[in-house]
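Bear in mind that the values here come from a model prediction, so they are computed numbers and not experimental data.
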Amino acid sequence: SKQWTAKKRTVLNLAASGITAASRLPWKTQLPRATDAAADTLDCIFDLLPDEDVEFLVIDAEDAFWTLPNVPKERKYFVTRVGHDLIVLLRTAQGSRGASLTWATFAGLAARCVQSLFTHTHMARTRTKEELRLQMYVDDPWAVIRGTTQRRSRLASMLITGWLVLGVPMAFKKAKMAQKLQWVGVVIQAITPNQIVLLEVPEEKLEELRHITLDFGRHNVLKKKAVRTYVGKLEAIASVLYTLRPFLREFWGALYQKDTGAPHNCIWKAQVELGLLWMKAFLQLCTEGPLQRRFTVLQHLNQGDAIIIMTDASPWSMGAVIFVNGVPWEFFAIRITAHDQLTLGVDAGDSTGQQAWESLALLISLRQWAWIWKEKRFMITVKADNVTALTMIQKLKASGPATAIIAREMALDLSRSVYAPDCIHHVPGIMNKTADALSRKYEPGKVFKLPAALEDAKEVFPPTRDDRWWKSLSPSSL
């Protein structure tokens, strides 16, 4: 069983006093994601020589916020009461309004100074000019180091010494150096013989989130502190599953929404109910075991097969072709069914539903060929004037009722993808013509002829789109 240890920290709670709500921060910090660490590792793996390998180093900064002194004239804002005594804090106390930005400014500068120690022209390779690459998540630095065993140890010593020279106290008891370790809630593993990096969210973290999500669903009022903690935990998964990011905005919006009538330092569950249902849906899609994503050097450098999915739709039917290295591989041409019209609330045969049918064709093609693109980079063609489809792919949201349903379905499907799809507007003429011809197969009064370019391609028949096909119509039932 897990052994729990107690921690004691001094935190200045300005949310309770109302100072947080009464003030604002002039800017936000940009924090790295686990995928940034994966990209750095893949670059280093690509540049390895026969006698070299990579390792990760994690060593936290200790009591980071308390390291920096505050400005004397601002100390009147750093006062707290303990019993009958007033205490004036001389440091940027953890929890104080500007402490995060103060530390981020210093840590960003310090990290750049330390990083400069490992950039040497004579050590430059094809993808990396650094022997060590550094990422800084608040007070948790992470580094990937390439080189021989002896060289990696030397570089790790240089890194730690660099932090100490700059006055950053290090938590040596937490330091770890290995090819598999945890950082910001995600386990990162380098498998250099296969040129692979694995990102993994541990099963216990997923189970904890499932428990919190269900618990929130039982209450009408949620404490802001609990919601902030919940969203912070979700951010770890969102660093691996990019499709979760748009759904987290609803929680942040609710936390800063004013005049809701909710009790002090609380929000109504109704403000985030849809987000909770979607988090439940995402978490239930994660089967037993850890959530894992695999990144390869081949796909990172975009050197694998060129996969392009071309779709189109008319008011009567939809068509799509998947091209592999420029050659049409599979295709489909299908009718718009009565169930499609009922589900989306759009009538076939009417040009007003064009955006809905083009978006549905895109969703069907993604689902049909998911086994191909799940762990690979791929491209989707989007018409230059189809802003709806472009927004749907890039932001996983849409404005209209029909396209909003499709956007949610797409978010669930793409949650299994390692890479976000690239959108392209211009493709060779032969590709444009094939999808357009397929989309008009069932146009009334039109005689259909299969494009010559598809004669050697395989025709496939996507599953029937009944109630079971639509995953998101009732996320609470997932």
Closer than 3.5 angstrom, by distance alone: can the side chain of [X] be matched with the main-chain N or O of [Y] as a donor-acceptor pair?
| X | Y | value |
| --- | --- | --- |
| Thr229 | Lys225 | yes |
| Arg33 | Val240 | no |
| Trp163 | Ala61 | no |
| Glu52 | Leu49 | yes |

Quick one, [X] and [Y] - any side-chain contact, counting heavy atoms below 4.5 Å?
| X | Y | value |
| --- | --- | --- |
| Arg293 | Leu291 | yes |
| Val165 | Thr161 | yes |
| Ser239 | Leu31 | no |
| Asn70 | Arg75 | yes |
| Asp63 | Pro169 | no |
| Arg228 | Leu255 | yes |
| Thr29 | Ser100 | no |
| Glu250 | Trp278 | no |

Can you tell me how far the [atom1] atom of [X] sits from the [atom2] atom of [Y], to the nearest 0.5 Å?
| X | Y | atom1 | atom2 | answer |
| --- | --- | --- | --- | --- |
| Leu68 | Thr105 | CG | OG1 | 9.5 Å |
| Met177 | Phe56 | CE | CZ | 11.0 Å |
| Leu132 | Arg146 | CG | CZ | 9.5 Å |
| Phe282 | Ile237 | CZ | CD1 | 10.5 Å |
| Glu409 | Ser359 | CD | OG | 12.5 Å |
| Asp47 | Thr126 | CG | OG1 | 5.0 Å |

Please tabulate, for side-chain N and O atoms in residues 150-159, each donor-acceptor pair with protein atoms closer than 3.5 Å (sequence neighbours left out).
from: Arg151; atom 1: NE; to: Glu131; atom 2: OE2; distance (Å): 2.8
from: Arg151; atom 1: NH2; to: Glu131; atom 2: OE1; distance (Å): 2.7
from: Arg151; atom 1: NH2; to: Glu131; atom 2: OE2; distance (Å): 3.3
from: Arg152; atom 1: NE; to: Glu55; atom 2: OE1; distance (Å): 2.8
from: Arg152; atom 1: NH1; to: Gly147; atom 2: O; distance (Å): 2.7
from: Arg152; atom 1: NH2; to: Glu55; atom 2: OE1; distance (Å): 3.4
from: Ser153; atom 1: OG; to: Thr149; atom 2: O; distance (Å): 3.3
from: Ser157; atom 1: OG; to: Ser153; atom 2: O; distance (Å): 3.1

So, using side chain to side chain contact (heavy atoms under 4.5 Å, CB included) as the criterion, who are the partners of Gln135 when residues are at least two apart?
Pro32, Asp36, Asp40, Trp142, Trp183
Neighbour count >12 (heavy atoms, 6.0 Å) for atom NZ, Lys269
yes
Residues, nucleotides or ligands: over 12 heavy atoms within 6.0 Å of Phe106 CZ:
yes
Which atom of [X] lies closest to which atom of [Y], heavy atoms considered:
| X | Y | result |
| --- | --- | --- |
| Thr192 | Val54 | CG2-CG2, 3.5 Å |
| Gln299 | Thr296 | N-OG1, 3.1 Å |
| Cys44 | Val144 | SG-CG1, 4.0 Å |
| Val272 | Ala254 | CG1-CB, 3.5 Å |
| Thr92 | Pro69 | CG2-O, 4.1 Å |
| Trp268 | Ala262 | NE1-N, 3.3 Å |

Name the atoms and distances for all side-chain donor-acceptor pairs under 3.5 Å in residues 80-89, with sequence neighbours left out.
none

Name the orientation class of the two ring planes belonging to Phe65 and Trp103 (parallel below 30°, tilted from 30 to 60°, perpendicular beyond 60°).
tilted
Parallel, tilted or perpendicular, as decided by the 30° and 60° cut-offs, for the rings of Trp371 and Trp329:
tilted
Show, in sequence, the C-alpha distance, side-chain angles and deciding distance for Ile212 and Lys233, and conclude whether the side-chain contact (heavy atoms from CB on, under 4.5 Å) test is met.
CA-CA 10 Å; Ile212 297 174; Lys233 294 179 182 294; 4.1 Å; yes
Pair Glu207-Arg210, salt bridge (charged side-chain N to carboxylate O under 4.0 Å, His left out): steps then yes or no
CA-CA 5 Å; Glu207 190 56 39; Arg210 291 188 187 101; 3.2 Å; yes
Starting from the C-alpha separation in whole Å, work towards a yes-or-no answer on side-chain contact (heavy atoms from CB on, under 4.5 Å) for Leu42 and Arg127.
CA-CA 9 Å; Leu42 291 168; Arg127 294 286 300 181; over 6 Å; no
Apply side-chain contact (heavy atoms from CB on, under 4.5 Å) to the pair Gln94 and Trp66, showing each step before the final yes or no.
CA-CA 7 Å; Gln94 184 173 353; Trp66 296 94; 3.9 Å; yes
The single option from Arg367, Lys374, Arg408 passing side-chain hydrogen bond (donor to acceptor under 3.5 Å, both in side chains) against Asp413:
Arg367
Working for side-chain contact (heavy atoms from CB on, under 4.5 Å), residues Trp373 and Leu414:
CA-CA 10 Å; Trp373 54 256; Leu414 290 176; 3.8 Å; yes
Go through the side-chain N and O atoms of Asp43 and Thr128 and say whether any donor and acceptor fall under 3.5 Å apart.
no
